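A short worksheet on the structure shown next.
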Amino acid sequence: MTNVSDANQDRVLIFDTTLRDGEQSPGATMTLDQKISIAAHLDEMGVDIIEAGFPNASPGDFEAVVNISKIAKNAIICGLARSVSSDIDRAGAALAKAKRPRIHTFIATSPIHMRHKLNMSPEDVLEAIDFSVRRARNLTDNVQWSPEDGTRSDRDFLCRAVETALRAGATTINIPDTVGYTVPSESADIIRMLLERVPAIENAVISTHCHNDLGLAVANSLAAVIAGARQIECTINGLGERAGNAALEEVVMAMRVRNDAMPYTTGIDSRKIMQASRMVSEATQFPVQYNKAIVGKNAFAHEAGIHQDGMLKHADTYEIMCPEDIGLSETVLVMGKHSGRAALREKLAALGYVVGDNRLNVIFSRYKDLADKKREVYEDDIIALMQSTAAEESNAHLQLDSLSLSCGMHRRAEATVELTFKGKQHRVTAEGDGPLDAAFSAVKKVFPHKARLSQYQVTAVTEGIDAQANASIRLTENDRIVVGQASDTDTIVASLLAYVNALNNLVVRRRKHVTSVH
């Protein structure tokens with residue numbers, strides 16, 4: 001059981017739910033191997049609790065929790081469960097091998113959820129809370145309970161619900177802002193109210209779980225901590241459904257940089273933050289926005305003349321933390337075409353990537369090809385290569401072998417593609433309104449589908465006419481959303497590779513049943 005001792009009331013526990021709530025972000029499905037690698041890094045980074053999945057949602061989630069339970073050395077491993085026997089028992093079974101297991105059970109407590117979603121009376125909900133917590137407590141002495149949509153719940157009923165959970169044996173009480181509705185002052189008021197009105201709540205850890213629909217998730221989480229919460233639920237890169245969750249890197253660095261205003265500590269080794277960010281971005285194929293706080297490409301970039309002048313005189317003039325604090329290399333320019341494998345491995349490590357020999361060989365081959373096309377290869381080029389090759393290697397049901405195009409003014413474009421699908425090679429030709437339309441149509445002849453192209457974006461990885469193009473594609477099929485990402489110095493090739501990657505992810509998503517919760 002994890003509690004914040006009376007002697008260490010400034011310690012804030014970090015509960016990472018990237019692998020559970022983060023994966024509910026549309027298109028962010030991860031493979032088992034990716035989840036295990038990310039969990040191992042979070043464990044090494046000092047995350048206190050890792051919510052590894054929702055075991056009863058799918059066989060894949062169950063397997064992920066089982067395997068992460070086996071490899072975790074320090075962190076508590078948590079499985080989510082609704083307030084029903086099957087969920088709780090399944091979570092217990094998945095956590096059987098964990099050194100430090102936790103079951104996290106929940107039920108909605110807001111009037112709108114109880115009436116329209118659960119069709120349950122408040123008394124029915126209280127009975128379900130008592131039953132579920134007691135059943136979970138029979139399987140582990142570390143039980144977390146959450147009132148879904150807690151910030152929109154009636155305050156009196158919320159107190160009754162929390163008291164019921166505590167009497168049944170809950171050791172952590174988490175208050176979710178499920179729809180990202182609350183504001184910092186209200187977030188703090190709810191925590192203070194619970195501390196003042198609920199008997200024996202001082203024996204439990206109070207947690208906060210904030211979504212970012214109004215862009216206030218981090219502010220609401222920190223306000224809750226100031227009011228007395230001692231656990232923050234968060235995700236790497238703020239990943240999560242809709243607008244995402246409170247970002248781990250932001251809450252951790254906010255408490256570190258502004259320790260004068262928020263005198264709290266965490267167990268996080270912040271030097272491992274950048275690697276965690278890139279691992280999650282690579283696994284989900286969700287690029288990190290350039291101006292994202294802490295881990296964005298521009299977070300430590302200075303272009304304005306006044307800022308550059310100040311930085312040259314003293315870094316503290318415009319930087320409130322050092323790039324090294326989050327594990328970011330200061331180097332901008334990387335290497336040339338004569339650099340070898342050892343230099344590339346060292347540079348990858350500086351960028352937050354640890355790769356095995358087989359992966360290094362693939363990256364090195366692609367790096368050499370790129371270095372022949374570009375005069376200078378930058379860090380961002382190598383990051384793009386890492387993300388692109390990861391997308392190509394994972395779930396490779398469909399593989400692009402070659403592309404040739406014929407297009408011009410006053411004529412329809414024609415594309416010929418060679419693809420490997422299910423081990424068989426195909427060569428097909430198709431026409432279209434432009435080169436991309438023709439290329440996509442050719443792929444569709446080999447892999448027929450009804451997915452709709454809902455988003456297409458191309459950005460330059462670096463500056464110059466020889467810059468790599470980074471293409472991102474989102475496809476929607478019924479309730480399934482998948483993302484594909486790829487980079488190449490040829491914009492059309494990058495776009496087609498991203499399209500193929502998205503289709504590969506669609507194959508995986510079709511096989512996986514995803515239940516959206518909490």
Side-chain angles (χ1 to χ4, degrees), residues 2 11-25 28 30 34-55 61 64-65 67-69 71-80 95 98-104 106 142 144 146 172 174 176 205 207-212 217-218 221-222 224-225 229-241 244-256 264-284 286 288 294-295 326-327 352 517-518:
T2 298
R11 176 73 156 83
V12 174
L13 303 173
I14 297 299
F15 179 114
D16 184 275
T17 184
T18 303
L19 302 178
R20 199 279 300 168
D21 203 337
E23 201 196 20
Q24 289 178 197
S25 182
M30 298 174 237
Q34 288 169 336
K35 288 183 178 182
I36 292 172
S37 295
I38 291 169
H41 184 75
L42 295 176
D43 189 30
E44 184 181 345
M45 191 167 75
V47 167
D48 298 287
I49 306 101
I50 299 172
E51 190 164 52
F54 179 11
D61 263 31
V65 177
N67 282 275
I68 291 169
S69 294
I71 61 100
K73 297 177 180 178
N74 304 303
I76 293 168
I77 303 302
C78 179
L80 186 70
L95 294 163
K99 289 171 61 178
R100 305 174 69 196
R102 172 183 291 187
I103 294 177
H104 177 192
F106 71 98
N142 193 331
Q144 175 170 316
S146 293
T172 298
N174 175 58
V205 174
S207 174
T208 180
H209 174 113
C210 298
H211 279 262
N212 203 39
V218 169
S221 299
L222 295 174
V225 168
R230 287 298 178 268
Q231 176 179 295
I232 296 177
E233 296 202 2
C234 47
T235 62
I236 300 296
N237 297 338
L239 190 68
E241 55 187 333
N245 291 273
L248 180 149
E249 61 274 8
E250 293 180 31
V251 296
V252 167
M253 294 308 294
M255 287 186 286
R256 176 171 171 168
Y264 313 111
T265 62
T266 73
I268 299 296
D269 181 351
S270 66
R271 294 169 299 178
K272 298 184 184 298
I273 283 177
M274 184 55 73
Q275 183 177 345
S277 171
R278 286 171 175 160
M279 288 177 75
V280 171
S281 178
E282 180 180 322
T284 60
F286 273 37
V288 177
I294 313 299
V295 294
I326 62 166
V517 294
H518 196 28

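Positions are given from 1, in the same order as the sequence printed here. Since the structure is predicted, the reported quantities are computational estimates derived from the model, not experimental observations.
Note that CD1 of Ile103 and CG of Leu80 are 10.5 Å apart. Values are rounded to the nearest 0.5 Å. To the nearest 0.5 Å, atoms CG (Asp43) and CD1 (Ile68) are separated by 10.5 Å. Of the inter-residue distances, the one linking Asn237 atom CG with Ile294 atom CD1 reads 11.5 Å to the nearest 0.5 angstrom. In this structure, Cys234 SG and Leu239 CG are separated by 12.0 Å, a value rounded to the nearest 0.5 Å. Atom CD1 of residue Ile49 and atom CZ of residue Arg102 lie 4.5 Å apart, to the nearest 0.5 angstrom. Note that OG of Ser69 is 12.0 Å distant from NZ of Lys99, once rounded to the nearest 0.5 Å.
A side-chain donor-acceptor contact under 3.5 Å links Ser25 to the backbone of Gly240.
The two residues Ala75 and Val47 make their nearest non-hydrogen contact at CB-O, 3.4 Å. Residues Val251 and Ser221 come closest through the heavy atom pair CG1-CB, 4.4 Å. Of all heavy-atom pairs between Gly238 and Ala247, the closest is N-CB, 3.6 Å. For Gln231 against Ser207, the heavy-atom pair with the smallest separation is NE2-OG, 3.0 Å. When all heavy atoms are compared, the tightest approach of Asn245 to Ala217 is C-CB, 4.0 Å. Contact detail for Ile232 and Leu222: the closest heavy-atom pair is CD1-CD2, 4.5 Å.
With 3.5 Å as the limit, one finds a donor-acceptor pair spanning the side chains of Glu51 and Thr17. The closest side-chain donor-acceptor pair between His209 and Ser146, if any, does not fall under 3.5 angstrom.
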*asked:* Is there a side chain to side chain contact (heavy atoms under 4.5 Å, CB included) between Met279 and Met274? Walk through the geometry before answering.
replied: CA-CA 9 Å; Met279 288 177 75; Met274 184 55 73; over 6 Å; no
*Evaluate the criterion side chain to side chain contact (heavy atoms under 4.5 Å, CB included) for residue pair Arg11 and Arg230; output intermediate values, then yes/no.*
CA-CA 7 Å; Arg11 176 73 156 83; Arg230 287 298 178 268; over 6 Å; no
*Could you give me the CA-CA distance, side-chain angles and deciding distance for Leu42 and Ile236, then say whether side chain to side chain contact (heavy atoms under 4.5 Å, CB included) is met?*
CA-CA 10 Å; Leu42 295 176; Ile236 300 296; 4.0 Å; yes
_Derivation of the side chain to side chain contact (heavy atoms under 4.5 Å, CB included) call for Gln144 and Ile76_ = CA-CA 12 Å; Gln144 175 170 316; Ile76 293 168; over 6 Å; no
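A salt bridge between Glu44 and Lys73 is absent, with no side-chain N of the basic residue lying under 4.0 Å from a carboxylate O of the acidic one. With respect to the salt-bridge test (charged N to carboxylate O, under 4.0 angstrom), the residues Asp48 and Arg100 do not qualify.
Side-chain contact between Ile77 and Pro101 is absent, with no heavy-atom pair separated by less than 4.5 Å. Under the 4.5 Å side-chain criterion, counting only non-hydrogen atoms from C-beta, Thr266 is in contact with Met255. A heavy-atom distance below 4.5 Å is found between the side chains of Val205 and Leu13. Looking at heavy atoms from C-beta onward, Ile273 lies in side-chain contact with Met253 at the 4.5 angstrom threshold. Two residues are said to be in side-chain contact when any heavy atoms from C-beta on lie closer than 4.5 Å; Arg271 and Met45 fail this criterion. His104 places a side-chain heavy atom less than 4.5 Å from the side chain of Phe15.
Under the side-chain hydrogen bond (donor to acceptor under 3.5 Å, both in side chains) criterion, Thr18 pairs with Asp16, not counting sequence neighbours.
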